[in-house]
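For the numbers below, each heavy atom of this structure counts, side chains included, while hydrogens, waters and symmetry mates do not.
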Amino acid sequence: FVRFNFIMFLLAGLSWWLFQPALSCAETAFQCVFFALLTGLILIAGHRTVNDPNPNLFTGLILGSVLGKLVLSLIFLLIYTKTVHPQGRSFLVLFFGLYIGYTVYEMKEMIKLSRSQVSHP
């Protein structure tokens with residue numbers, strides 16, 4: 001997870017450098033931290049629920065995390081664009097690039113967790 005975050009922060013830094021001055025360094029860092037924390041919390045919850053006796057708990061976590069991440073991201077995007085008024089579309093490009101990257105990574109890790117699940121009688 002740390003290595004993936006490092007790669008995503010590098011890609012975000014590269015996009016900040018390419019889109020400068022339309023995208024501030026603070027906006028770039030804030031987006032990275034937002035997705036890193038959200039994905040980290042979801043993965044921690046996945047590790048805690050994968051071996052639960054109720055198999056529906058892990059499945060519900062996966063479905064709920066995808067929907068919850070989408071809703072939280074859209075709320076964050078709406079509030080941020082209404083309060084900060086970012087210049088241009090570079091903010092949206094970075095935001096959805098990070099969203100897709102972190103969601104793909106999260107699903108890949110959840111699939112690995114489900115395959116390593118201990119079977120319950």
- Message: Checking one residue: I79. Which other hydrophobic residues are in its cluster under the side-chain 4.5 Å linking rule?
- Response: L67, V71, I75
- Separation between CZ (F34) and OH (Y99), nearest 0.5 Å, reads 10.0 Å
- May I ask you to test the F35-T103 pair for a side-chain heavy-atom distance under 4.5 Å? no
- Item | Single-linkage hydrophobic cluster I44~M107, side-chain heavy atoms < 4.5 angstrom | no
- Item | Hydrophobic cluster identity match, V50 and L41, side-chain contacts under 4.5 Å | no
- Are L43 and L70 in one and the same hydrophobic cluster, where Ile, Leu, Val, Met, Phe, Trp and Tyr link if side-chain heavy atoms are under 4.5 Å apart? yes
- Item | Sequence neighbours excluded, every pair satisfying side chain to side chain donor-acceptor pair (under 3.5 Å) that has a member inside residues 66-79 | T39-K69, K69-E106
- Message: Within this structure, what is the CE-CZ distance for the pair M8 and R3, rounded to the nearest 0.5 Å?
- Response: 14.5 Å
- Query: Rounded to the nearest 0.5 Å, how far apart are CG of L92 and CG of L77?
  - Reply: 5.5 Å
- Ring geometry between F4 and Y105 (parallel below 30°, tilted from 30 to 60°, perpendicular above 60°): parallel
- Item | Distance (rounded to the nearest 0.5 Å) between T49 OG1 and L57 CG | 5.0 Å
- How about R48 and L61: do any of their side-chain heavy atoms sit closer than 4.5 Å? no
- Query: Between T81 and L78, what is the shortest heavy-atom contact and its length?
  - Reply: OG1-O, 3.1 Å
- Item | Heavy-atom side-chain contact between L113 and F58 under 4.5 Å | yes
- Query: Are F95 and F76 close enough that their ring centers fall under 6.0 Å?
  - Reply: yes
- Query: Does one hydrophobic cluster hold both L94 and I7, with members joined at side-chain heavy-atom distances below 4.5 Å?
  - Reply: yes
- Mind checking whether V104 and L98 sit in one hydrophobic cluster, side chains of I, L, V, M, F, W, Y counted as touching below 4.5 Å? yes
